[in-house]
Amino acid sequence: MTLAALDDARPRRDLRYPANGAWPALMHADMAAAYVDEPDRDAFLRKVRDRTYPPPYRMPGCRARWRKADLDATIQGLAAGTAALDGDI
């Protein structure tokens, strides 16, 4: 069996979900979308623009990441009935 055949036989992992089942403290947009149960990255980013979800954390030289703690706090606020972000984040 060739290496390509082995690779084709291996099940594909959805990169939106963590391999070990533990959500990381910082997540890229695709993973953050999965974490908050949005259907895709674009839907998540629309809600970031609409201020439903917090803005990303930007480390110098790295792509934008969302803090799990910020997403958790936002979800708790939404569950408690508070409105979208107030602009202090």
Side-chain angles (χ1 to χ4, degrees):
M1 186 176 276
T2 67
L3 186 58
L6 283 174
D7 188 48
D8 289 341
R10 197 176 325 174
R12 301 284 181 203
R13 182 173 64 86
D14 185 347
L15 296 177
R16 290 172 24 116
Y17 298 92
N20 64 359
W23 295 96
L26 293 173
M27 297 178 255
H28 55 81
D30 290 328
M31 187 174 281
Y35 182 70
V36 297
D37 201 27
E38 290 296 334
D40 56 43
R41 179 180 190 267
D42 291 336
F44 173 72
L45 292 175
R46 273 192 302 277
K47 289 187 179 180
V48 169
R49 279 191 299 279
D50 293 344
R51 303 174 52 78
T52 300
Y53 297 121
Y57 172 70
R58 296 185 187 274
M59 295 186 300
C62 296
R63 65 181 173 162
R65 302 268 195 231
W66 279 261
R67 291 180 179 116
K68 180 180 177 289
D70 292 346
L71 294 170
D72 289 341
T74 299
I75 292 166
Q76 288 296 321
L78 292 171
T82 59
L85 301 174
D86 62 10
D88 292 338
I89 293 179

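Values below: every heavy atom of this structure, side chains too, minus hydrogens, waters and symmetry copies.
Evaluation of the salt bridge (Lys or Arg N to Asp or Glu O under 4.0 Å) rule for Arg41 yields Asp30 as partners, not counting sequence neighbours.
The nearest pair of heavy atoms linking Val36 to Leu71 is CG1-CD2, 4.2 Å. The shortest non-hydrogen separation linking Val48 to Pro55 is CG1-CA, 4.2 Å.
Side-chain N or O atoms of Asp40 include one that pairs as donor or acceptor with a backbone N or O of Asp42 at under 3.5 Å.
Residues Met27 and Arg65 have side chains not in contact (no heavy-atom distance under 4.5 Å, counting atoms from C-beta outward).
Shown are Glu38, Lys47, Arg46; of these, the side chain to side chain donor-acceptor pair (under 3.5 Å) with Tyr53 is made only by Glu38.
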Q. What's the verdict on ring pair (Phe, Tyr, Trp, His ring centres under 6.0 Å) for Trp66 and Tyr35, showing C-alpha distance, side-chain angles and the deciding distance?
A. CA-CA 10 Å; Trp66 279 261; Tyr35 182 70; over 10 Å; no
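Atoms CG and NZ, on Leu26 and Lys68 in that order, are 11.5 Å from each other to the nearest 0.5 Å.
In terms of hydrophobic clustering, with Ile, Leu, Val, Met, Phe, Trp and Tyr side chains grouped at heavy-atom distances under 4.5 Å, Met31 and Ile75 are assigned to a common cluster.
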